[in-house]
**Student:** 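Got a structure here, written out as structure tokens. Questions coming.
Just so it is clear, the model here is predicted, and its values are computed rather than measured. Counting convention: from 1, in listed order, for ligands and their atoms alike.
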Amino acid sequence: MDSQSNFQMKVVEGEFGYVIQDVPHLSDYVSDLQCDSINWMRETYPNPLRSNPAYSVVKQYFVDMDDSVPEKMVVHKDTPRGVHFRRAGPRQQVYFASDDVLACIVTCGGLCPGLNTVIREIVHSLDYMYGVTKVLGIEGGYRGFYSKNTINLTPKLCNDIHKRGGTIIGSSRGGHDTTKIVDSVQDRGINQALLLAQVYIIGGDGTLRGANVIYEEIRKRGLKVAVAGIPKTIDNDIPVIDRSFGFDTAVEEAQRAINAAHVEADSAENGIGMVKLMGRYSGFIAMHATLASRDVDCCLIPESPFYLEGKGGLFEYIEKKLKENGHMVIVVAEGAGQELLVTKNEEDASGNKLLQDVGLWIAQRIKEHFAKQATMPVTLKYIDPTYMIRAIPSNASDNVYCTLLAQSAVHGAMAGYTGFTSGLVNGRHTYIPFNRIIEKQNKVVITDRMWARLLSSTNQPSFQGPKCASVSSAGQPGTDDKVTGLLGCLTPKP
Ligand SMILES: Nc1ncnc2c1ncn2[C@@H]1O[C@H](COP(=O)(O)OP(=O)(O)O)[C@@H](O)[C@H]1O
Ligand SMILES: O=P(O)(O)OC[C@H]1O[C@](O)(COP(=O)(O)O)[C@@H](O)[C@@H]1O
Ligand SMILES: [Mg+2]
């Protein structure tokens, strides 16, 4: 096997095109953890789970060091075996003695159902599985490392928090100062009692970019600090992983808003119910909520440009639906159609572009359009449930998912891995190097089957001109490049 290593990941290549994009390990750069020829297990400890009554009876509870999970599931007989990630789970040996560990947990970015479940499970797993009792909650996101108090997180304090929305340690945007954050980790843990530290960072694409620079700075300083990320994105815009925690809950909760929009629309003459759902750059919530509901007649997402007026436009479709059914429901993702609106170039504290309210804008344009056509007066009700969805606790399936993500992160950090996130890949829990998680955004591929399923379920127009149809059929589905190629010809029509 050939292997290459850098700050980011170790790439090991095997036979038949097998590649593992492995995560960094503390022993890559902390010299007294490195194995020597005489005692290769030096500075490691037997995993305490070996004597845990719950786990000691489980056959093959420890993950084999060579287990890996393929990134692509569908392959042909002649294709190489492709990229794999290290399988998550407990290892036979751990690199931290329980009493030596100081763990910190921070949550950053927007709220997402399940944050408290992840916090709870990190605290519980550290204590009950590994005997780690020094766990600090960093208050209010990244800036909390250097400008706020910390909270001692105990299993008792965290016992019921998964039943609450939000995050008990608070969150924020902005405030990422790498030097101050790493200084703070060093001062709190390492310098005080020669402790080893673990930093658990729960957040989205921005947060994980921040986690990556924290990991790089820690590595430059040679600190024995494992940095573990847990990907959080209600929009599901993080690549590689099957889905983010909170997404399932968001899709479920969105049904309530869609139902309300449907009832309002159905009860009025020419009623239109419009719901705006989250999704800055990726329309996954809107797409899945639409497919789940079946009451939606049109779903607008950022990846699929549309236009309002003229043949094949939204107004024409609305008129057709109202004539057919007397009412209709539209779901619009917050990032859809932004190219049609006048942008203001404003950013939030994290540097994310502030979007215009596309739902309000379309609602206004629809009202104006039909007011001009005196023959078809419409009644439009607009619902924006964003903060009601974000603020709820996670549902049962997300709770299980959060639990496993948190446990995987703890097993990984205890085993000495760093610069990684835990994540579900093709139904298996894995460790993914930071740079794979932050390299691009996960987007709905409108040349893939899922979007076709949506179009056939709503019967909405695809808003594609004839030129695009040929690009679409010629393109090979499944990669972002092809989407970009397709989007290039989908310019809105006047
Ligand atoms: N490129 C970056 N480098 C370092 N820190 C970043 C970067 N982008 C965002 N952050 C920090 O990550 C945190 C959360 O980012 P944000 O984009 O608001 O949310 P999310 O992580 O949910 O995408 C903020 O504190 C922000 O300062
Ligand atoms: O109003 P806020 O708090 O800035 O959040 C709005 C944004 O938060 C989100 O719900 C999720 O954002 P992040 O996961 O990137 O933090 C977006 O869908 C939405 O645009
Ligand atoms: Mg984000």
**Student:** Under 3.5 Å, N or O to N or O, is Leu111 touching ligand 2 that way?
**Tutor:**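 No.
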
**Student:** We want to know whether Ser244 and Asn236 form a side-chain donor-acceptor pair, criterion being a heavy-atom distance below 3.5 angstrom.
**Tutor:**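 Looking only at side-chain atoms, Asn236 and Ser244 do not form any donor-acceptor pair under 3.5 Å.
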
**Student:** Gly109 heavy atoms, cut-off 4.0 Å: which ligand 2 atoms fall inside?
**Tutor:**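 Counting from 1, the qualifying ligand atoms are 16 (O).
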
**Student:** Heavy atoms only: which of His176, Arg209, Arg280 lies closest to atom 2 (C) of ligand 1?
**Tutor:**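 Going through His176, Arg209, Arg280 one by one, Arg209 has the nearest heavy atom to atom 2 (C) of ligand 1.
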
**Student:** Have a look at Ile330 and tell me which of Val296, Thr458, Leu380, Leu300 forms a side-chain contact (heavy atoms from CB on, under 4.5 Å) with it.
**Tutor:**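 With Ile330 as partner, side-chain contact (heavy atoms from CB on, under 4.5 Å) holds for just one option, Leu300.
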
**Student:** Find all atoms of ligand 2 within a distance of less than 4.0 Å from any non-hydrogen atom belonging to Met278, and give their numbers and elements.
**Tutor:**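 Heavy-atom distances to Met278 below 4.0 Å select 10 (O), 18 (O).
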
**Student:** Looking at atom 4 (C) of ligand 1, what's its closest protein heavy atom, distance included?
**Tutor:**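 Protein heavy atom at minimum distance: Gly210 CA, 3.4 Å.
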
**Student:** Which residue and non-hydrogen atom of the protein lie closest to atom 14 (C) of ligand 1, and at what distance in Å?
**Tutor:**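 It is Thr207 OG1, 3.3 Å.
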
**Student:** How about Asp235: does one of its N, O or S atoms come closer than 2.8 Å to the Mg ion (ligand 3)?
**Tutor:**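 False for Asp235.
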
**Student:** Under 4.0 angstrom from ligand 2, any heavy atom of Gly204?
**Tutor:**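 Not so, Gly204 does not reach ligand 2.
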
**Student:** Looking at Asp248 and Arg243, is any side-chain nitrogen of the basic one under 4.0 Å from a carboxylate oxygen of the acidic one?
**Tutor:**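 No salt bridge links Arg243 with Asp248.
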
**Student:** Hey, does Arg143 sit under 4.0 Å from ligand 1 if you only count heavy atoms?
**Tutor:**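 Outside the 4.0 Å threshold, so no.
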
**Student:** Given side chains that start at C-beta, do those of Ser408 and His429 come closer than 4.5 Å, heavy atoms only?
**Tutor:**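 Yes - at least one pair of side-chain heavy atoms lies under 4.5 Å apart.
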
**Student:** Between the side chains of Ser184 and Arg188, is a donor N or O closer than 3.5 angstrom to an acceptor N or O?
**Tutor:**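 Looking only at side-chain atoms, Arg188 and Ser184 do form a donor-acceptor pair, the distance falling under 3.5 Å.
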
**Student:** Among all protein non-hydrogen atoms, which one is nearest to atom 16 (O) of ligand 2, and what is the separation to 0.1 Å?
**Tutor:**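 For this ligand atom, the closest protein heavy atom is Gly110 N, 2.7 Å.
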
**Student:** Can you pull out the closest protein heavy atom to atom 7 (C) of ligand 1? Residue, atom name and distance to 0.1 Å, please.
**Tutor:**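 Atom 7 (C) of ligand 1 sits closest to the protein heavy atom Gly206 O, 3.6 Å.
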
**Student:** Salt-bridge test for Arg143 and Asp177: reply yes if a basic N is under 4.0 Å from a carboxylate O, no otherwise.
**Tutor:**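 Looking at Asp177 together with Arg143, the answer is no, because their closest N to O distance does not fall below 4.0 Å.
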
**Student:** What N, O or S atom of Asp205 is found closest to the Mg ion (ligand 3)?
**Tutor:**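 Minimum-distance N/O/S atom of Asp205 relative to the Mg ion (ligand 3) is OD1.
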
**Student:** Could you tell me, atom by atom, which parts of ligand 2 come under 4.0 Å of a heavy atom of Asp235?
**Tutor:**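 So the answer, numbered in order with elements, is 17 (C), 18 (O).
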
**Student:** Distance under 4.0 Å to a non-hydrogen atom of Lys232: what atoms of ligand 2 satisfy this?
**Tutor:**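 Heavy-atom distances to Lys232 below 4.0 Å select 13 (P), 14 (O), 16 (O).
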
**Student:** In the protein, what heavy atom is nearest to atom 18 (O) of ligand 1, and what distance, to one decimal place, separates them?
**Tutor:**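 So the nearest neighbour among protein heavy atoms is Ser350 OG, 2.6 Å.
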
**Student:** For ligand 2, which part of Tyr387 has a heavy atom less than 4.0 Å away: the side chain, the backbone, both, or neither?
**Tutor:**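 Side chain only.
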
**Student:** Got the closest protein heavy atom to atom 23 (O) of ligand 1, with its distance?
**Tutor:**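 In this structure, atom 23 (O) of ligand 1 has Asp205 OD1, 2.5 Å as its nearest protein heavy atom.
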
**Student:** Determine, using heavy atoms of Gly335 and all atoms of ligand 2, whether some pair is separated by less than 4.0 Å.
**Tutor:**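 Gly335 does not count as a contact of ligand 2 under the 4.0 Å cut-off.
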
**Student:** Arg173 to ligand 2: N or O pair under 3.5 Å?
**Tutor:**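 Yes, at least one N or O pair falls under 3.5 Å.
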
**Student:** Which protein non-hydrogen atom lies closest to atom 17 (O) of ligand 1, naming both residue and atom, and how far is it?
**Tutor:**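 The closest heavy atom on the protein side is Asn352 ND2, 2.9 Å.
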
**Student:** Decide, yes or no, whether a salt bridge links Lys353 with Glu346 under the criterion of side-chain N to carboxylate O below 4.0 Å.
**Tutor:**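 No, Lys353 and Glu346 are not salt-bridged.
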
**Student:** Side chains of Tyr307 and Glu309: any donor to acceptor distance under 3.5 Å?
**Tutor:**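 Judged by distance alone, the side chains do not pair up.
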
**Student:** Is the shortest side-chain N to carboxylate O distance from Glu253 to Arg256 below 4.0 Å?
**Tutor:**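 Looking at Arg256 together with Glu253, the answer is yes, because their closest N to O distance falls below 4.0 Å.
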
**Student:** Quick one: which ligand 2 atoms are inside 4.0 Å of a heavy atom on Gly279?
**Tutor:**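 Near Gly279, meaning under 4.0 Å from one of its heavy atoms, ligand 2 has 18 (O).
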
**Student:** In terms of the angle between their ring planes, are Tyr215 and Phe434 parallel, tilted or perpendicular, with boundaries placed at 30° and 60°?
**Tutor:**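 Judged by the thresholds at 30° and 60°, the geometry between Tyr215 and Phe434 is perpendicular.
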
**Student:** If every non-hydrogen atom of Leu455 is compared with every non-hydrogen atom of Ser462, which pair is closest and at what distance?
**Tutor:**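 Reported closest heavy-atom pair: CD1-CB, 4.0 Å.
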
**Student:** Is there at least one pair of N or O atoms, one from Gly204 and one from ligand 1, spaced under 3.5 Å apart?
**Tutor:**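 Such a contact does occur with ligand 1.
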
**Student:** Quick check: do Gln407 and Met129 have side-chain heavy atoms less than 4.5 Å from each other?
**Tutor:**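 A side-chain contact exists here, since the closest heavy-atom pair is under 4.5 Å.
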
**Student:** Suppose I only count heavy atoms of Arg390 and a 4.0 Å limit; which atoms of ligand 2 are within that range?
**Tutor:**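 Result: 2 (P), 3 (O), 5 (O), 6 (C), 7 (C), 8 (O), 9 (C), 10 (O).
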
**Student:** Does the separation of the ring centres of Tyr431 and Tyr417 fall below 6.0 angstrom?
**Tutor:**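 Yes, the ring centres sit under 6.0 Å apart.
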
**Student:** Within the structure, does Tyr142 bring an N/O atom to less than 3.5 angstrom of an N/O atom in ligand 1?
**Tutor:**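 Such a contact does not occur with ligand 1.
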
**Student:** Would you sort out whether Glu217 and Arg221 count as a salt bridge (Lys or Arg N to Asp or Glu O under 4.0 Å), showing the intermediate values?
**Tutor:** CA-CA 6 Å; Glu217 178 62 21; Arg221 295 190 195 183; 2.8 Å; yes

**Student:** Closer than 4.0 angstrom: is that true for some heavy atom of Gly174 and an atom of ligand 1?
**Tutor:**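 The answer is yes: ligand 1 sits under 4.0 Å from a heavy atom of Gly174.
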
**Student:** Are the side chains of Met274 and Ile366 in touch, meaning some heavy atoms are under 4.5 Å apart?
**Tutor:**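 They are in contact (side-chain heavy atoms under 4.5 Å apart), so the answer is yes.
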
**Student:** Is it the case that Asp235 and Thr233 place a side-chain donor and acceptor less than 3.5 Å from each other?
**Tutor:**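 No.
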
**Student:** Closer than 4.0 Å to some heavy atom of Ile234 - which atoms of ligand 2 meet that?
**Tutor:**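 It comes down to these atoms of ligand 2: 10 (O).
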
**Student:** Which residue and non-hydrogen atom of the protein lie closest to atom 22 (O) of ligand 1, and at what distance in Å?
**Tutor:**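 Result: Lys232 NZ, 2.7 Å.
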
**Student:** Among all protein non-hydrogen atoms, which one is nearest to atom 13 (P) of ligand 2, and what is the separation to 0.1 Å?
**Tutor:**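 Protein heavy atom at minimum distance: Arg280 NH2, 3.7 Å.
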
**Student:** Any carboxylate oxygen within less than 4.0 angstrom of a Lys/Arg side-chain nitrogen, looking at Lys163 and Asp160?
**Tutor:**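 Salt bridge: yes.
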
**Student:** Going by the order shown, which atoms of ligand 2 are within less than 4.0 Å of some heavy atom of Glu334?
**Tutor:**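 This gives 17 (C), 18 (O), 19 (C), 20 (O) as the contact atoms.
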
